[in-house]
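Below: the structure, in structure tokens.
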Amino acid sequence: MYFCPLMDKKVRVRFAPSPTGGLHLGGVRTVLYNYLFARQHRGDFVLRIEDTDQTRYVPGAEEYIVDCLQWCGLEPDESPQKGGKYGPYRQSERKEMYKQYAEYLVKKGFAYYAFDTPEELDSMRKEFKTPEDPSPQYGHHTRIKMRNSLTIPEKEVKELMEKGTTHVIRFLMPENDEVSFTDMIRGEVKFNTHTLDDKVLLKADGMPTYHLAVVVDDHLMQITHIFRGEEWLPSTPLHLLLWERLGWKDEIPQYAHLPLILKPDGKGKLSKRDGDRLGFPVYAMQWTDPKTGEVTKGFREIGFLPEAFNNMLALLGWNDGTEKEIFSPEELVEKFSMERVHKGGAKFNFEKAKWFNHEYIKRGDSRMLLPYFKKILQEKNVQENDDRLLSIMDLIKERCTLLPDLWENSFFFFQRPTEYDKESILKKWDADKKQFFKELPAAFSAVESFTPGSLEDAFKSLAERKNLKAGGLMLPLRIILVGGKFGPPVFHIAELLGKQETLERIKIALRWEFMN
RNA sequence: GGCGGUAUCGUCUAGAGGCCUAGGACGGAGCCCUCUCACGGCUUAAACACGGGUUCGAAUCCCGUUACCGCUACCA
């Protein structure tokens, strides 16, 4: 059986997270690819909450996901919050629909009731466990030995049902069928149903499992393309069969299974633990576990720009075939193609991630950075007008990798040095130099425009008159103005400090006893 | 164990039979620029997992091996 979707409908894609905690960067990448594809094809992007596991309910997780998408600039067209004509968008609110479809499958002979208790399932697994088969499945070998509507006489089943005996509905997996489909990234993928099991479709609590819910909802919501993690590849044949048994074979969506994001070291999927261990975020935004109160910082909190974050994620597994690496959101929408997504998993590289952010800060217009800068300054209780802030950023942004670096590279504009790197000054300090700095304020005052060029000229001509080398005086000036060996070119610092403050700082420094 | 997927520099990747003595980026090393730190420029080390085919010719196609990853729940 080969499944080939018809592609003449309006593109509709979806992100369907389970609201159980922080949003992993792999999840954001999945959203990104969905979003880019939708925008490129002028389609719809829907957010659907997969909250069918009541035991894993985490308060606040759904709102958190919505906030993350907003920060990333990847907002859905339809969602529980926004609504839409295919709602509700929360699976827990669609509970009744799933049951009908499950019952329909039973009626058609494509599924059956199973009354086995968890304990019975457990002992079955133990009983059939062999070295060759360490995890026996509930499938064509074992189903005949279990308590289900296939093995129990019809009359008895009816009685059990009438008594309200707890049961699940399982899919009746055909014994020997070929199931194949074309994955947009991987090409043709084949399975034989022989090795597949009778997955639970409807749980004892009446909620569907992922498998039933995803097929029913994707159909009802007219989803045309499913882009999801590679971990779903093995259950795709089940889903395909479900589409077919439910009578929707002609509407099967196109699939693409995205490669996983791996740990930077060792092996396996990247997890929050790896971030904690290696010192970088894994979640998009800060997540506070409501149970333990544990707070986990995200990319936003450590100072990533959402555009840089997206760009980095887009390139983690995709490229446009050229050597271009920096793409604006618009370029991403235009250039992205699922066929060019790399098949293999990618180890996450935090250094490279930071490089993207650095590029965005460095290349970006300071006006774009202004709100971020102002927020930091607010925390530091600094008030300043926008024009000066813009000038400061123009000067320092090339040395800022993360947003907090904006402060680390500019604090000296807002506060006078409290201590000085004495070592560096004293190494070559003498009376002549001291005299030079005593006369410098007058020389600077005499300058007609307080600009880097004229300041440098004044500085150098004074040095010449005093028979000193200007080169040896620059570092002391820097330390006098900001306290240490850091910052942008020193005359630029002076310019932004302004005449009054520059002269003041020179005079203050000269009063320190180590200068004498 | 079974099933599925993947396999190019340390990392992300380009490469869709000859353009490959394998290109770019991050990171590393070195040099230049220089008042500090950066930015920028230049140079450099570093890879086709292995074995068989197919072909005049393979990183590219096929098969096998190996390694790694994923799935194998009334979780998603």
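The sequence lines fix the lettering, A, B, ..., with proteins before strands; numbering per chain opens at 1.
Heavy atoms of P488(A) sit under 4.0 angstrom from at least one base atom. At a threshold of 4.0 angstrom between heavy atoms, the contacts of L202(A) with the nucleic acid are absent. Nucleic acid contact class of S135(A) (heavy atoms, under 4.0 Å, all strands): base. Across all strands shown, H358(A) has heavy atoms under 4.0 Å from sugar-phosphate atoms exclusively, and none from any base.
With distances taken from any side-chain atom of F191(A) to the nucleotides A25(B), G4(B), G70(B), the minimum falls on G4(B). Distances from the side chain of T209(A) to the nucleotides C75(B), C39(B), U72(B) place C75(B) closest. Closest contact between the side chain of K347(A) and the listed nucleotides G24(B), U72(B), U11(B) involves U11(B). If you check A25(B), C35(B), U6(B) against the side chain of W355(A), the one that comes closest is A25(B). Residue E398(A) has its side chain nearest to C39(B) when only C39(B), U36(B), A76(B) are considered. For K267(A), whose side chain is taken as the heavy atoms from C-beta onward, the closest listed nucleotide among C12(B), A76(B), C68(B) is C68(B). Out of U11(B), C74(B), C75(B), the shortest distance to the side chain of N349(A) is found at U11(B). When the nucleotides G10(B), C3(B), A76(B) are ranked by their closest atom to the side chain of T195(A), C3(B) comes out on top. Listed candidates were C71(B), G4(B), C39(B). Nearest to the side chain of L233(A) is G4(B). In the set C75(B), C74(B), U72(B), C74(B) carries the atom at the smallest distance from any side-chain atom of V168(A).
As rounded to the nearest Å, C9(B) and C71(B) have C1' atoms that lie 32 Å from one another. Rounded to whole Å, the P atom of A47(B) lies 31 Å from the corresponding atom of C56(B). Using atom C1' as the reference point in both A14(B) and C69(B), the two lie 23 Å apart (nearest Å). Taking the P atoms as reference points, A38(B) lies 16 Å from C26(B), given to the whole Å. Between the P atoms of G4(B) and G64(B), the separation comes to 12 Å (whole Å).
For R340(A) and G15(B), the shortest distance from a side-chain N or O to OP1 or OP2 is below 4.0 Å. Taking only side-chain nitrogens and oxygens, K203(A) comes nearer than 4.0 Å to OP1 or OP2 of A76(B). Contact between the side-chain N/O atoms of R56(A) and the OP1/OP2 oxygens of A73(B) is not found at any separation under 4.0 Å. One finds a side-chain N or O of N319(A) lying less than 4.0 angstrom from the OP1 or OP2 phosphate oxygen of A14(B). A close approach under 4.0 Å does occur between a side-chain nitrogen or oxygen of K362(A) and OP1 or OP2 of G40(B). For the OP1/OP2 pair of C71(B) and a distance below 4.0 Å, the side-chain nitrogens and oxygens of K269(A) include at least one atom meeting the criterion. Within the 4.0 Å cut-off from OP1 or OP2 of G1(B), not a single side-chain nitrogen or oxygen of T130(A) is found. One finds a side-chain N or O of H342(A) lying less than 4.0 angstrom from the OP1 or OP2 phosphate oxygen of A14(B).
Counted by atom type alone, Y98(A) and D217(A) present one or more donor-acceptor pairs between their side chains at under 3.5 Å. For the residue pair D421(A) and S424(A), a side-chain donor N or O sits within less than 3.5 Å of a side-chain acceptor on the partner.
The partner of A49(B) is U65(B), judged by Watson-Crick or G-U wobble contacts that both fall below 3.5 Å. Summarising the base pairing, U44(B) is matched to G28(B) through a Watson-Crick or G-U wobble pair whose two defining distances lie under 3.5 Å. With both pairing distances under 3.5 Å, C33(B) is matched to nothing as a Watson-Crick or G-U wobble pair. Base pairing annotation: G2(B) forms a Watson-Crick or G-U wobble pair with C71(B), both donor-acceptor distances under 3.5 Å. Across all strands shown, C56(B) forms a Watson-Crick or G-U wobble pair with G18(B), both key distances being under 3.5 Å.
Taking the six-membered ring where the residue is Trp, the centroids of F491(A) and F459(A) are separated by under 6.0 Å. Aromatic pair F486(A)/F412(A): centroids less than 6.0 angstrom apart.
Straight-line distance from the CG atom of D265(A) to the C1' atom of G10(B): 12 Å, rounded to whole Å. Atom CZ in R48(A) sits roughly 13 Å away from atom P in A76(B) (whole-Å rounding). Atom CZ of F348(A) is separated from atom P of G27(B) by 14 Å (rounded to the nearest Å). Between E351(A) atom CD and G27(B) atom P the separation is 7 Å, expressed in whole Å. One can place CH2 of W318(A) at 17 Å from C1' of G15(B), the figure rounded to the nearest angstrom. Note: CD (Q137(A)) to P (C71(B)) measures 15 Å, nearest angstrom. Computed from coordinates, the L262(A) CG to U13(B) P distance equals 10 Å when rounded to whole Å. For the pair H239(A) NE2 and A76(B) C1', the computed distance is 10 Å after rounding to whole Å.
Judged by closest nucleotide on RNA chain B, N192(A) is the one of R478(A) and N192(A) placed further toward the 5' end.
Y138(A) has its side chain within reach of R143(A): a pair of non-hydrogen atoms, C-beta onward, lies under 4.5 Å apart. Contact annotation: the side chain of P259(A) approaches that of R29(A) to within less than 4.5 Å [non-hydrogen atoms, C-beta and beyond].
Between the side chain of D51(A) and the main chain of Q91(A), a donor-acceptor pair closer than 3.5 Å is present. For the pair R14(A) (side chain) and D218(A) (backbone), a donor-acceptor distance under 3.5 Å is absent.
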CA sep, side-chain torsions, deciding dist, call: S135(A), K129(A), side-chain contact (heavy atoms from CB on, under 4.5 Å): CA-CA 6 Å; S135(A) 50; K129(A) 190 169 171 175; over 6 Å; no

